[in-house]
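What follows is a set of notes on a single structure, which appears directly below.
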Amino acid sequence: MRLTCPHCGNRGIEEFAYGGDADRRRPDGEPFGQAWMDYVYLRRNPAGAHREWWYHASGCRAWLVVTRDTTTHVVASVQEVAR
Amino acid sequence: MTGRRLATGGTIDRARPIAFHFDGQAYRGFAGDTLASALLGAGVALVGRSFKYHRPRGILSAGPEEPNALVELRDGARREPNTRATTVELHDGLVATSQNRWPSLRHDVMAVNGLLSPIFTAGFYYKTFMWPAAFWEKVYEPLIRRAAGLGRAAAVADPDHYEKATAFCDVLVIGAGPAGLDAALVAARAGDRVILAEQDFVLGGRLLSERGRDPIAELGDLPNLRVMTRTTVTGVYDGGTYAAIERVADHLAIPGQHQPRQRLWRLVARRAVLAAGAIERPLAFGDNDRPGVMLAGAVRTYVNRFGVAPGSRAVVFANNDDGARTVADLHAAGIEVAALVDPRPVPSAATIAAAQAANARLAAGVSIQRARGRLGVRDVELSDGTTIACDLVAMSGGWNPTLHLTSHLGGKPRWDEKIASFVPGGLPPGMTVVGAAAGDFGSGYEIAPLWRVRGTRGKSFVDFQNDVTVDDVALAAREGFRAVEHLKRYTTLGMATDQGKTSNVTGLAIMAELTGRGIPATGTTTFRPPFTPAAIGAFAGHHRGRDFRPTRRTPMHGWAAEQGAVFVETGLWLRAQYFLRPGESDWLTATNREVRAVREAVGLCDVTTLGKIDIQGADAAEFLDRVYVNGWKTLPVGRCRYGLMLREDGFAFDDGTTARLGPEHFLMTTTTANAGTVWRHLEFCRKVLWPDLDVQMTSVTEQWAQVALAGPRAPDVLARLTDVSLPHMGLAETTIMDGIEARLFRLSFSGERAYEIAVPARHGEALVRRLMAEGDAFGITPYGLEAIGLLRLEKGHVVGSELNGQTTAGDLGLARMMSAKKDFIGRVMAGRPALVDPERPVLVGLKPREPGAILAGGAHLLPQGAVATAANDQGYVTSVGYSPQLGSWIALGLLARGRERLGETVRAYDPVRGRDTPVEVVSPVFYDPEGSRLHG
Ligand SMILES: [Zn+2]
């Protein structure tokens, strides 16, 4: 698999580290409970389109949001995390 | 069989004879030969013994599908087992040895396995060796390994080297036969960047093998067309990535200087054209594995490409029109064709004409029942009751498109009745299949499937390499292993190093015939990488031995080596573990001396490897507040603070000191081991969690060399370099040594007065030499990681073995650091019930009750008198060391309710080392608990 990093261009997957589901949100301000357990431990595992974080460890060391089809590994987009 | 070289013909260079050895005997071939063609040309028919039954075997094919002619290539450290003689390029000095026979190829005592064949049938592993269980390891497995063997790998390190490379192209063409050459030319002329990969050492594919075809089309001189011969594309991966192995120097006895033996290519292609051709199927008749029984297409290859007659009197047996072609080619080469055996009741006109032209008997509606002749075929028995003398049988059961690469990403091949074979189904994105690989065998190809000849005596082999016969497939069918995956595993069909290239489809078809389900219902053939066996060395490339991963050295490395440093790997870094003085021979003596120097005078140590992250911005202090458990907004400029980070799940992550260089400027240090992980975590926090914070950061680990100076005389040494004086946890930016930019920190992990001095990396060595010179009068002594660990241990400072991912701040006695006034990473989860359970093991000091007793990390802590069971386990020893100050081994450990148990005696139970030591539970701070030395 290859990812086209917005900073570094088209690179092999071994340069990146997987960061999991990019749609989960840290439950800031909430007390301990199911929301926190889900945030820390629960991961969706959809068959199909998946937005996920990838870290360009051996490149620019930026976190990226990749949209990937988990059944085909076809990457629809690679974007910088919005600032 | 009496193979020989024809007087003319072929693409070999008859002016360049090449000497080689097979099984110790000298032979001659020509440049352009493979080992197989050279052996056939020299009249060698018997080249190996089969896997299970040790049956004599000859050369079946002329390509990478070869299941029989496997040899050990080269000798000594370069010996490579299971090499297919049909793909080995003949070269001067080539040495090859036959495999799986003893004492010799002609007389193999293990051939007795053939007589025991009833127990070697399908599923024999499962049936025969079930009982008694203990026999498996001790008796059966060694026995089977010796009896059913492959070649021997070299038992010493590979002296050659391998490398990896990447190339990009618009179009990758796989295979340089007629279809591939066409595709490459068209794409290149259209301006695409083209890579043409061909596994053979010359281009042409079947063009080289078929009579009357131009061996090689003119490729011209197109700068955008890169031709890679001796290069096998072995796998297809996501994103248009293809793996290929280039055999750079396999055609040389020894690679040239600095030349790799093989190169693993990662080819990244926008599009790929698979033009890999087709592989011919054997026919399953009795004793179809006799040396001299060959694939018809291979016979044509040996005759037309190599100018070799694989026999002198041939019988051609084909269920398709390849029979006619083969008869014609043999006849044209002056080789007698005794008969053309065609199971079709009404052969095609071309078949009839070819037989007539060659004066060959046409046996229509007839099959070969059995081949006879022990070490080589002598005659064949036909189903019409006649027997024909011959020393060569050219058989063709039809052709299978070489579609392996199309299924590497999950594409399912589809059955095509017209050619009686599988054709590519779903394709990897960007791949097109052309020519024979797509099932396009030309207009003249007609086939009447014949999967097995019935009523034969002798063994009808389907999978030659794994010795799987028609009867084995039938047995699997009877016993219910009917799905194709069960068939494979039960009979081992297709599971040898050839991956069933000549057997999978036939085995599947026989199963379909036996069960009456039809081929599509029985299953399909799918393949995984690599297409052909690949040397592990190619995947390792240069990453072996010391080069397995990069080595990082600090700017002071050379100085440390001069000082007798013994280095140890910490992450990628090499750090001094201890410094051996003349006369010292063990780590403990050296470490004790170093520790004493720090406690009594002054020690110096390289701390460059600690991670350093420069953090700036209006929200820098807020950012630190959120990533550390403790608060940072109150830290004054010019001061440092110890910080602890948790993971979001509430467990301790990393620790270190962070200094405030300015109102909006901090310098964080991390542990050496976690530097990369902490950076990644901070970057996630900054970019993903809190993008609205104004904070920038960069790693400056490699920009600064840093030296720690510790001990009662440390201030004296520092005073020789600067007149800056620092309060405890103070920091100053200044210049030293005639204008070198420097950062001074007053930090201590040893409990002694201590400083850290950072200078730009290029001045690191000068700094350490200067400090050594200035400190000479005070007894300055370099110390290493062992001493650092012991000095920290004596003060109860946690290290990596306590920050092990399973401890909380509370476990480590650092709960008080956790601010209640702010949110931070891990705060909520650190408060969940299991993480604040009072029964949790917590950090304690441990001292042996008996003076002189040795402690070791990993020992379990048990109550006195308790049985050593998991239920009684109350914790474990994490760090140990010998304290020269206390004259005793000391340890840190995690013990359930440990802080309430000071003074109690527990057992350090260490069954691995056979120790059971009573230890006293004490405070983790062993040395100077009042901290008087630090501030005094
Ligand atoms: Zn990047």
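To find a chain, count down the sequence lines: A is the first, B the second, and so on, and within it residues start at 1.
For B:L646, the side-chain contact (heavy atoms from CB on, under 4.5 Å) criterion is met by B:V629, B:L644, B:A652, B:A809, B:M818, B:F824, B:A830, not counting sequence neighbours.
B:R647 does not touch chain A: none of its heavy atoms, backbone or side chain, sits under 4.5 Å away. In this structure, the portions of B:D649 lying under 4.5 Å from any heavy atom of chain A include both its backbone and its side chain.
Between B:D238 and A:T72, the shortest heavy-atom contact is OD1-O, 3.6 Å.
Residues of residues 36-44 of chain A having a heavy atom under 4.5 Å from any heavy atom of chain B, listed by number: A:W36, A:M37, A:Y39, A:V40, A:Y41. At a heavy-atom separation below 4.5 angstrom, chain B is approached by A:R26, A:D28, A:E30, A:P31, A:F32 within residues 25-32 of chain A. Listed by sequence position, A:G12, A:E14, A:A17, A:Y18 are the residues of residues 11-22 of chain A in contact with chain B, using a 4.5 angstrom heavy-atom cutoff.
For the ring pair (Phe, Tyr, Trp, His ring centres under 6.0 Å) with B:F684, the qualifying choice from A:Y55, A:W53, A:W54 is A:W53, the only one to do so.
Interatomic distance, A:R61 CZ to B:K687 NZ, rounded to the nearest 0.5 Å: 11.5 Å.
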